[in-house]
Amino acid sequence: MRLVPSIASAAIHCVSVARLGIAVPLLFAAQAACAGDARKPEFLSSPDPAAAKLPFSEAVRSGDLLFLSGQIGTVPGSGNALAQGGIQAEAEQTLVNIRTVLERHGASMRDVVKCTVFLSDIGDWPAFNEVYRKHFSAPFPARSALAASGLAMGAKVEVECIAHVAAPAASASRKR
């Protein structure tokens, strides 16, 4: 369980702990939380050795938010080959890759609050939406979609997400 749910309540929490004269170990824990130590971003890497060489983190946890780096439709174990079969096959693999990253870091598709979709051809938007609806249900995350030229590895789609998840200590008690 997180000691300090927001910066505004941190001051109240710190004063309350000091007033109550709680045991020294608890006081030190509360002081660390009040100083902001509990809110530092955590940079999360992929267990994939090839991904470890890339100049970005797989995800970053900051407070209750998990920011995923953009995912494309690479097939795991294929040497980073894109899924074959066009936009729908790539979109399917992209969303499966997102699910895998989320689950690896204690989240699920239901925790996603925002997606940004980059398409190499905005004309693929309806086909992408068809696949997207298989992975997300109402209430849908907020979303932006735009066309971008030159996606990594010649991909047709890239998606980045932000998920709202409980702090790591609290995530063990979450039921999905």
Side-chain angles (χ1 to χ4, degrees), residues 2 38-176:
R2 206 175 61 190
R39 304 292 292 182
K40 289 185 179 176
E42 181 183 2
F43 298 88
L44 307 166
S45 56
S46 169
D48 178 5
K53 296 177 185 177
L54 298 173
F56 52 87
S57 297
E58 175 177 78
V60 175
R61 182 187 301 274
S62 182
D64 286 349
L65 295 178
L66 183 64
F67 297 84
L68 272 62
S69 289
Q71 295 290 315
I72 58 176
T74 54
V75 178
S78 70
N80 286 331
L82 292 167
Q84 297 298 302
I87 182 62
Q88 289 188 316
E90 275 191 46
E92 177 66 31
Q93 187 61 55
T94 297
L95 293 166
V96 166
N97 292 347
I98 288 169
R99 180 183 309 273
T100 300
V101 173
L102 287 166
E103 290 175 354
R104 183 171 18 255
H105 299 296
S108 73
M109 298 297 263
R110 300 182 95 178
D111 296 317
V112 174
V113 295
K114 172 73 167 90
C115 290
T116 304
V117 179
F118 303 91
L119 297 165
S120 64
D121 178 353
I122 200 68
D124 287 336
W125 192 39
F128 174 80
N129 276 337
E130 195 175 309
V131 176
Y132 183 87
R133 287 180 176 276
K134 294 176 186 175
H135 291 269
F136 291 103
S137 57
F140 293 101
R143 191 178 92 180
S144 303
L146 55 122
S149 123
L151 295 177
M153 299 174 58
K156 295 183 180 302
V157 60
E158 181 171 345
V159 181
E160 62 181 29
C161 297
I162 301 170
H164 181 263
V165 284
S171 63
S173 64
R174 292 177 58 176
K175 304 268 186 201
R176 283 257 168 224

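From a predicted model like this one, the values you see are computed outputs, not experimental measurements. Below, each value reflects all heavy atoms present in this structure, side chains not excepted, and no hydrogens, waters or symmetry copies.
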Sub-3.5 Å donor-acceptor pair from the side chain of [X] to the main-chain atoms of [Y], do we have one?
X	Y	answer
Arg61	His105	yes
Glu42	Lys40	no
Ser69	Ser57	yes
Ser78	Ala81	yes
Gln93	Ala83	no

Going by heavy atoms in the side chains, are [X] and [Y] under 4.5 Å from each other?
X	Y	result
Phe118	Val159	no
Glu58	Leu68	no
Gln71	Thr94	yes
Cys115	Tyr132	yes
Val117	Trp125	no

From [X] atom [atom1] to [Y] atom [atom2], the distance as rounded to the nearest 0.5 Å:
X	Y	atom1	atom2	answer
His164	Leu66	NE2	CG	11.0 Å
Ser137	Met109	OG	CE	10.0 Å
Asp111	Ile162	CG	CD1	13.5 Å
Ile87	Ser120	CD1	OG	6.5 Å
Phe67	Glu160	CZ	CD	10.0 Å
Asn97	Ile72	CG	CD1	8.5 Å

Nearest atoms (heavy-atom pairs only) where [X] meets [Y]:
X	Y	result
Ser144	Lys114	OG-NZ, 2.9 Å
Leu82	Met153	CD1-O, 3.3 Å
Arg104	Ser46	NH2-OG, 4.4 Å

> Would you find more than 12 non-hydrogen atoms of other residues, nucleotides or ligands less than 6.0 Å from Gln84 atom CD?
Replying inline: no
>> Heavy-atom count check: over 12 atoms from other residues, nucleotides or ligands less than 6.0 Å from Arg133 CZ?
In response: no
